[in-house]
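What follows is a short report on a single structure.
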Amino acid sequence: MKAQRRHVCLYLLIISLFCISCTKQTKNSFAELAFIQDENFDENTIQKQEFKVLTTSRLGYKNGWYWFKISKKPDSIPLIFSLEGNTIDKIEVYHENVKISDHSHTIDPTNLALKIPPTSHNATYYVKSHFTKHVDFPLKIYSEDSYFRNKNQYYFVNGSYYGFVIMVLIVNLFFYFSLGEKTFLAYCFFVVFTNIGLTDYDGLINLWFEKDVIRYIGISMHFLVPLSSGVFASLLLDYHKLIPRSKIISIITIPLAICFYIAFVITEEFLYFAIGDTIGLLYFSYYMFLGVSCIRKQVFAKFSVVGYSLVFLSAITFVIPLNWGIQAFSTPLYMIKIGALFEMLILSYAITYRVKKIQEENESIHHEIKQYITKIYVLENELKEENNTSKNNSLIEQKIEELAISHNLTLREKDVLLQISKGLNNQQMANELFVSVNTIKYHTRNLYEKLDVKKRAEITSKIIPN
Amino acid sequence: MGESCVDKCILFLFLSFSSFVFGLNSFLSDALPLDENLVENICFIKDSNFNEYSILEQKLIPLKKTKIGWENGVFWFKVVLKNSDSIKRIVFNTNESSIDFVEIYANSKLLSSTKNSVGLTNLSFEIENKTGKEYYLKVNFPYQVNFPLTATSASSYYTHIKFLSLLKTGAYYGFALMVLIINLFFYFSLEDKIFLFYSLFLVATNFGISHYDGVFNSWLTSDALFFTNTVSHFLIPLTGGLFAFNFLNLSNYMPKSKYFGSILLLATSICYVGHLVFLNYKFFIAGDILALLTLMYYWILGIFVIKRNDFAIFFVVGYSLVLIAAFLFVIPMDIGISGFSLPLKHVKFGALFEMLILTYAITFRVKKMHEENESNRNAIQEYIHKLNELEEQVTSSSNSENKSFEVKINEIVRDYKLTEREVDVLLRLYKGYTNKNIAAELFISLNTVKYHTGNIYQKLNIENKNEVISLFV
């Protein structure tokens with residue numbers, strides 16, 4: 001009980017720390033940014049336009065062409081303009097009406113990183129960029145050295161994250177193959193889809209696929225993630241039996257979300273995509289709610305609620321503000337990855353917990369079996385002894401038979417001997433054998449002579465084996 | 001049958017997916033396209049107090065292979081580049097992490113040195129390409145003399161080598177980390193020490209590997225690295241032997257194997273201590289060879305117990321690749337043969353393979369546990385059934401008249417409250433002893449026997465000896 005309370009405290013601490021780091025705002029202090037939606041401007045006409053000040057990087061769902069104005073102090077060293085998020089597919093940078101760089105000159109294989117030559121006086125840049133998805137302009141300006149130092153760590157850490165994920169995947173696949181339970185397979189699919197979705201956000205997907213393919217992969221992941229999570233959760237916790245309504249909700253929400261994603265593919269309006277994402281997240285929250293409601297009924301509900309809580313929080317505070325341009329939260333992408341790591345650890349622990357339960361059960365069964373075996377042994381022995389006593393009786397008869405042969409006993413004498421061995425007195429014997437007491441006395445006297453004994457007690461000592 | 005087919009399909013899909021994502025090909029082959037390498041040729045000479053001016057007058061030997069041998073110390077290299085006027089910034093990159101320091105000179109001017117390295121895991125130097133085609137590099141090799149130098153334009157260095165190699169290195173260590181965590185989880189839940197020993201071995205191996213690819217180089221000073229490198233080399237055979245001994249259950253199958261293993265380990269430790277004390281690289285080579293032999297020894301023992309231990313097959317198969325790779329990586333690198341050497345990534349690939357196989361062994365074990373669970377359940381049901389049957393038999397037979405003699409005696413004793421002595425006498429009366437016989441056997445007087453029999457008759461409410469017998473029927 002005490003340990004449980006400690007666990008709850010630890011969990012609440014983790015959640016609150018996580019929330020604090022999610023709401024942390026990152027301000028852009030190195031340059032002033034302003035934006036305007038494009039209306040067929042070019043590098044000359046744009047200078048006369050009035051820009052709106054950009055306070056955070058997020059502008060919401062109205063995707064398309066935008067112009068940004070970057071004003072900063074002049075610098076003597078070459079700089080790198082870095083834009084993460086994998087939503088900008090075309091970008092052109094103008095300085096004093098001259099195009100100085102565009103998307104084909106990115107020095108980073110996964111994200112946009114444009115090298116800007118140093119200027120001595122005017123450091124105002126105009127950037128024309130095309131957003132395919134959410135409008136997010138998280139510009140960071142680095143010197144070359146600090147950029148590469150930063151990115152070195154970025155790639156190493158991301159590599160570790162995905163290596164970790166691959167191992168989780170493999171462990172679950174192995175368990176699927178050896179135990180043959182579909183839950184493991186569903187979890188594998190969920191992990192694969194989630195992490196391909198994440199590579200779409202962090203741009204690593206650019207290493208392996210062409211831009212056109214990435215677009216469709218990204219979209220399909222957005223509905224495959226809620227779909228697979230639903231399948232996984234219902235297999236793990238038996239939702240469809242526990243709460244039959246949950247199946248209907250899956251059947252309604254997932255195709256609805258798919259419809260919105262298809263609408264996005266056709267119209268290229270990101271609004272539909274944002275709606276689809278929101279539906280997916282609502283579906284996810286519904287399953288979280290279900291998990292919380294059966295936390296007392298199922299051990300694994302506890303594991304999955306605890307495991308998924310961080311991913312859930314970070315996914316909601318990452319995707320919703322990004323898609324709708326809400327500026328209150330700005331969870332960075334790596335928080336989702338931390339949440340996902342936490343989730344994978346908890347669920348891996350759940351596996352070992354399950355194995356532990358199996359082992360304990362095995363041990364208790366072993367113990368029980370031992371008890372049963374000793375009981376059976378005792379009972380069998382008892383039975384054997386009983387057989388022995390019945391054998392005893394037959395032994396007495398055998399002995400009498402032997403005596404009859406060795407001492408030439410008559411049939412009647414044999415009968416009398418048998419009765420004596422049972423401990424009957426003369427009167428009882430007479431009744432038993434339907435003869436008079438005198439006849440019995442006659443027979444016994446003959447018996448005494450033939451067996452050479454003087455008393456009845458001596459007869460029994462001859463018959464009963466020691 | 002159909003289901004196993006589906007399983008195989010899924011496995012195949014997953015493997016092709018992962019090899020695609022992981023890029024096994026690019027994992028095993030060098031990421032840099034050949035035509036991007038700007039090095040025309042390299043010459044070298046062992047340092048004997050040259051400086052950046054006097055080196056210009058020396059006659060240098062052309063470097064044909066990257067490995068020179070075990071004569072560790074300071075070397076000078078002269079690097080001639082291809083025509084590269086259009087490239088503004090050049091990166092010199094060495095994939096060898098044991099190099100201590102590098103100084104790059106052109107026209108007798110120092111351009112860059114170790115502290116300016118832009119590499120996280122190995123030494124890479126970015127310099128401006130204004131000074132011509134000839135560069136002199138002064139390099140200190142505290143261990144093996146291996147100098148795989150490439151020179152590329154800065155952008156192709158970052159996009160082709162740096163980021164991707166870091167991604168892969170990271171993926172490898174993330175993978176290993178997860179294996180470690182899984183094993184620790186299993187150790188805590190099943191409390192089987194084998195998991196702990198495996199975790200320790202895993203940590204030691206990857207700590208050793210991290211010294212080769214230089215992940216820790218940016219965190220530790222070179223003195224600390226010198227120490228930790230030697231320690232990690234010693235910990236690998238130590239923890240490996242411990243793990244193998246327990247995993248293969250050798251204490252059961254061949255208890256004497258322990259002694260030879262300990263001797264090998266002792267010799268290894270002496271070599272490494274010698275290296276730490278005398279700072280002589282030859283000790284290190286001997287230690288490495290002995291360490292590898294120790295691992296080989298346990299691997300061969302694994303082959304011997306394959307028939308007796310279900311898990312030995314996992315051990316033998318799992319460690320086969322990494323052991324071969326380690327032999328072909330460490331020994332040629334230590335003594336400087338480059339004919340049949342393998343690069344580090346093959347060792348890592350072998351290690352990944354090993355981790356996969358041993359993780360599979362865990363799931364195999366869990367599967368066995370599951371099967372045992374099921375068969376146990378069946379067995380327990382059988383036992384319960386049998387027990388019920390027996391109990392029925394016993395109760396039915398105890399209802400019948402055939403009660404055993406002892407049960408009867410006990411009943412009499414209980415019902416009539418006989419003393420111990422009275423029971424002794426009663427038993428003899430039943431057997432037909434005379435009073436005299438009883439007195440002789442129990443070492444008591446005839447009167448005492450009579451006293452006891454009197455009590456017995458009274459308690460059992462009988463009149464003579466003959467009725468004693470009828471009591472037992």
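Bear in mind that the values here come from a model prediction, so they are computed numbers and not experimental data. Letters A, B, ... mirror the listed sequences (proteins, then strands); counts begin at 1.
Considering only heavy atoms from C-beta on, B:L167 comes within 4.5 Å of A:L207 through its side chain. Under the 4.5 Å side-chain criterion, counting only non-hydrogen atoms from C-beta, A:E181 is in contact with B:H370. Residues B:K386 and A:E380 are in side-chain contact: their nearest non-hydrogen atoms beyond the backbone lie under 4.5 Å apart. Counting heavy atoms from C-beta on, the side chains of A:I170 and B:F175 come closer than 4.5 Å.
Annotation: the span from B:T169 atom OG1 to A:Y155 atom OH amounts to 13.5 Å, rounded to 0.5 Å. Taking OG of A:S178 as the start and NZ of B:K368 as the end, the distance is 11.0 Å to the nearest 0.5 Å. Note that OG of B:S375 is 8.0 Å distant from CG of A:N362, once rounded to the nearest 0.5 Å. From A:R354, atom CZ reaches atom OG of B:S189 across 13.0 Å, with rounding to the nearest 0.5 Å. With rounding to the nearest 0.5 Å, the separation of CG in B:L352 from CE in A:M167 is 9.5 Å. Atom OH of B:Y360 is separated from atom CZ of A:F175 by 11.0 Å, given to the nearest 0.5 angstrom.
At distances below 3.5 Å, not a single donor-acceptor pair connects side-chain atoms of A:N152 with backbone N or O atoms of B:L166.
No part of B:E191 comes within reach of chain A, as not one of its non-hydrogen atoms sits under 4.5 angstrom from that chain. Residue A:Y162 does not touch chain B at all, counting heavy-atom pairs closer than 4.5 Å. When heavy atoms are compared at a cutoff of 4.5 Å, A:Y372 approaches chain B by way of both its backbone and its side chain.
Across every non-hydrogen atom of A:K356 and B:L190, the tightest pair is CA-CD2, 3.7 Å. In terms of heavy atoms, B:N376 sits closest to A:I365 at CB-CG2, 3.5 Å. Between B:L390 and A:L379, the closest heavy-atom pair is CB-CD1, 3.8 Å.
Most heavy-atom pairs under 4.5 Å with chain B: of the set A:L341, A:L345, A:N425, this distinction falls to A:L345. Contact count against chain B (heavy-atom pairs under 4.5 Å) is highest for A:I373 among A:I420, A:L424, A:I373, A:V157. Annotation: maximal heavy-atom pairing with chain A below 4.5 Å, among B:L356, B:L429, B:I181, occurs at B:L356. For the set A:Q428, A:E360, A:K375, A:K115, the entry with the most heavy-atom pairs within less than 4.5 Å of chain B is A:K375.
Below 30°, between 30° and 60°, or above 60°: for B:Y173 and A:F156 the angle between ring planes is between 30° and 60°, a tilted geometry.
At most 12 heavy atoms of other shown residues, nucleotides or ligands fall within 6.0 angstrom of atom CG in A:D452. Dense packing is recorded around CZ of B:F353, with more than 12 heavy atoms of other residues, nucleotides or ligands lying under 6.0 Å away.
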Next on the checklist: Under the criterion side chain to side chain donor-acceptor pair (under 3.5 Å), I'd like the reasoning laid out for A:H366 against B:E372: C-alpha separation, chi angles, the key distance, then a yes or no.
Outcome noted: CA-CA 10 Å; A:H366 262 289; B:E372 197 191 318; 3.0 Å; yes
Next on the checklist: Working note: A:S348 + B:M178, criterion side chain to side chain contact (heavy atoms under 4.5 Å, CB included); need CA distance, chi angles, decisive distance, verdict.
Outcome noted: CA-CA 10 Å; A:S348 308; B:M178 181 60 207; 3.3 Å; yes
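Among residues two or more places apart in sequence or in another chain, the side chain to side chain contact (heavy atoms under 4.5 Å, CB included) test is passed with A:N150 by A:Y142.
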